[in-house]
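Owing to the predicted nature of the structure, the values given are computational and were not obtained by experimental measurement. The figures that follow rest on heavy atoms only: side chains count, while hydrogens, waters and symmetry mates do not.
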Amino acid sequence: MTWWETVRSGLAAIRAHRLRSALTVLGIVIGISSVILTVGLGQGAQREVREQIDALGSNLLIVSPGSSTDSTGMRGGFGSASTLTVADAEAIADPDVVPDAAAVAPAATSSVSLVNGSTNWTTSLVGTTPQWLDVRSRELTSGRFFTSAEAARAADVVVIGADTAAELFGRQSPVGQQVTVDGTRLTVVGVLASSGASASGSSEDDQAVVPVGTASRLTGSTSASVSTIYVEAVSENALSAAYQEVEALLATRHGVARAEPDFSIATQDSLVATANETNRTFTVLLGGVAGISLLVGGIGVMNIMLVSVTERIREIGLRKALGAAPGVIRRQFLVEASLLGLTGGVVGVLIGVVGAQVLPHLIDQAVAVSLVATVAALATALALGVGFGVYPAGRAARLTPIDALRSE
């Protein structure tokens with residue numbers, strides 16, 4: 001029997017039991033499609049994080065406050081204290097003190113409710129300086145950013161995000177119109193271009209940016225503390241030097257040892273590493289589930305092949321009595337098992353690719369179809385068919401013609 005005849009015989013056996021064959025490959029279909037979607041979700045998330053980091057720039061330092069301790073002795077994490085001030089940012093911006101810093105922008109973040117007529121919207125209020133636009137690599141779709149003169153006199157001006165503008169003004173142009181915060185009227189001077197979510201998952205398009213002095217007045221804060229200081233190094237190569245300079249300056253200003261600072265400094269690379277590690281853990285967990293599905297599918301293939309051997313035992317005996325070699329019998333059942341595995345792989349890949357196109361619209365998360373993962377999934381499905389078909393094929397090949405012909 002030629003290879004082509006063997007393949008045709010395997011296809012005929014599968015077609016003769018369509019429902020049974022479909023149920024057999026179901027586990028492989030689920031496993032293969034899960035693998036493609038899992039890898040796609042992981043790669044899509046990593047790509048989004050990488051794009052966000054690249055948009056911010058590879059030469060950015062993010063300085064956050066240290067941890068706090070309450071009256072019971074309970075300590076909060078980094079960022080829970082108020083150890084950074086506007087004066088710290090001004091000191092870092094001094095080129096004589098930190099020569100490797102190109103631009104510095106403090107940011108004091110709080111939550112406020114903006115009102116436009118009968119419409120209100122709660123958003124994130126960011127008090128900062130004009131350098132924030134360049135340091136964060138943000139752009140405007142309309143209007144302008146507030147000026148240094150407006151920042152110096154804490155003018156009542158605001159630049160809003162794309163989502164904030166849509167919620168408050170719909171399709172109208174917000175530029176030149178006013179919004180109210182606790183009775184204070186702010187003039188909208190600009191609208192930020194859409195930027196999506198930050199590496200931490202918060203929306204970059206739902207915020208209102210005002211001069212830092214204006215933010216203090218609106219929130220009733222008497223302290224000059226800020227929640228973040230963004231420091232842009234003069235170049236990517238100068239990032240390490242800028243890190244050391246900022247760390248030494250803040251340690252001196254705060255009167256703390258550099259080994260036990262009351263602040264933390266993160267680079268873009270550390271944010272990428274953290275985000276990728278989280279995505280990798282998520283991918284491994286989902287990959288484990290997909291692996292179990294594949295294992296179940298492989299066991300299903302072996303089980304159905306054993307049933308097939310039992311049902312066709314007299315046919316096997318007759319063929320061996322007519323001179324069929326054990327290798328031919330073994331090859332016939334291996335090809336049949338391989339076809340089951342390959343069919344499950346092809347259907348699983350198709351479902352995975354279609355799912356990768358549909359899923360982003362349902363969960364708002366990019367899914368990247370990996371060619372390597374797709375080819376590997378098909379190879380795995382074929383290997384499952386062959387691997388779990390070896391024992392049934394061997395069992396069929398070892399049958400003697402006499403025992404096979406007289407079995408009921």
Side-chain angles (χ1 to χ4, degrees), residues 48-60 62 89 102-117 119-152 154-181 184-219 226-232 268 271 364 366:
E48 283 191 344
V49 170
R50 185 71 259 177
E51 289 174 352
Q52 291 164 5
I53 298 302
D54 290 341
L56 288 176
S58 57
N59 56 336
L60 185 66
I62 302 174
V104 180
T109 306
S110 58
S111 180
V112 297
S113 180
L114 302 181
V115 179
N116 172 38
T119 304
N120 66 85
W121 182 253
T122 300
T123 188
S124 175
L125 182 73
V126 180
T128 186
T129 61
Q131 288 74 28
W132 182 89
L133 191 67
D134 292 330
V135 171
R136 297 300 309 276
S137 298
R138 298 296 299 271
E139 296 179 352
L140 298 169
T141 55
S142 60
R144 61 176 178 83
F145 207 68
F146 55 83
T147 64
S148 298
E150 289 171 331
D156 293 334
V157 292
V158 62
V159 178
I160 58 178
D163 290 347
T164 311
E167 294 293 340
L168 289 173
F169 297 97
R171 296 183 178 181
Q172 296 180 358
S173 174
V175 177
Q177 300 196 50
Q178 292 185 327
V179 293
T180 304
V181 179
T184 301
R185 291 185 175 275
L186 303 178
T187 301
V188 179
V189 296
V191 179
L192 294 166
S194 180
S195 180
S198 66
S200 63
S202 60
S203 175
E204 293 285 296
D205 298 331
D206 186 12
Q207 55 186 196
V209 186
V210 299
V212 66
T214 307
S216 298
R217 177 158 44 83
L218 292 174
T219 57
V226 295
S227 54
T228 310
I229 298 177
Y230 298 99
V231 182
E232 182 183 9
Q268 297 294 70
L271 293 177
D364 194 25

| said: Using side chain to side chain contact (heavy atoms under 4.5 Å, CB included), reason through Leu186 and Leu218 one step at a time and then give a plain yes or no. | reply: CA-CA 10 Å; Leu186 303 178; Leu218 292 174; 3.8 Å; yes
| Given Phe146 and Thr214, is the side chain to side chain contact (heavy atoms under 4.5 Å, CB included) satisfied, shown in steps? | CA-CA 12 Å; Phe146 55 83; Thr214 307; over 6 Å; no
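Other residues, nucleotides and ligands contribute more than 12 heavy atoms inside 6.0 Å of the CZ atom of Arg144. More than 12 heavy atoms of other shown residues, nucleotides or ligands fall within 6.0 angstrom of atom CD in Gln178.
What you find for Phe145 and Thr129 is that their closest heavy atoms are CE2-O, 3.8 Å. Here the closest non-hydrogen pair linking Val135 and Ala103 is CG2-CB, 3.6 Å. Looking at every heavy atom in both residues, Ser142 comes nearest to Val175 through OG-CG2, 3.5 Å. Here the shortest heavy-atom pairing between Ala151 and Pro130 reads CB-CD, 4.0 Å. Closest of all the heavy-atom pairs between Ala165 and Val191 is CB-CG1, 4.2 Å.
Here the side chains of Asn120 and Thr180 are not in contact, with every heavy-atom distance at 4.5 Å or above. Between Thr219 and Leu125 the shortest side-chain heavy-atom distance falls below 4.5 Å. By the 4.5 Å heavy-atom criterion applied to side chains, Val209 and Val158 are not counted as neighbours. When side chains are defined from C-beta on, Leu114 counts as touching Val181, because their heavy atoms get closer than 4.5 Å. Side-chain atoms of Tyr230 and Val104, non-hydrogen and from C-beta on, never get closer than 4.5 Å to each other. Counting heavy atoms from C-beta on, the side chains of Leu168 and Val188 never come closer than 4.5 Å.
A side-chain donor-acceptor contact under 3.5 Å links Arg138 to the backbone of Glu204. Between the side chain of Thr164 and the backbone N or O of Gln207 there is at least one donor-acceptor pair closer than 3.5 Å. Between the side chain of Thr128 and the backbone N or O of Pro106 there is at least one donor-acceptor pair closer than 3.5 Å. Between the side chain of Thr187 and the backbone N or O of Val157, no donor-acceptor pair lies under 3.5 Å. Side-chain atoms of Thr122 do not come within 3.5 Å of backbone N or O of Ser113 as any donor-acceptor pair. Side-chain atoms of Thr123 come within 3.5 Å of backbone atoms of Asp206 as a donor-acceptor pair (strictly under, hydrogens ignored).
Under the side chain to side chain donor-acceptor pair (under 3.5 Å) test applied with Ser194, the options Asp205, Thr141, Asp163 reduce to a single match, Asp205.
Between the OG1 atom in Thr119 and the CZ atom in Phe169 there is a gap of 9.0 Å [rounded to 0.5 Å].
Applying the salt bridge (Lys or Arg N to Asp or Glu O under 4.0 Å) test to Asp156 and every residue at least two apart in sequence or in another chain returns Arg217.
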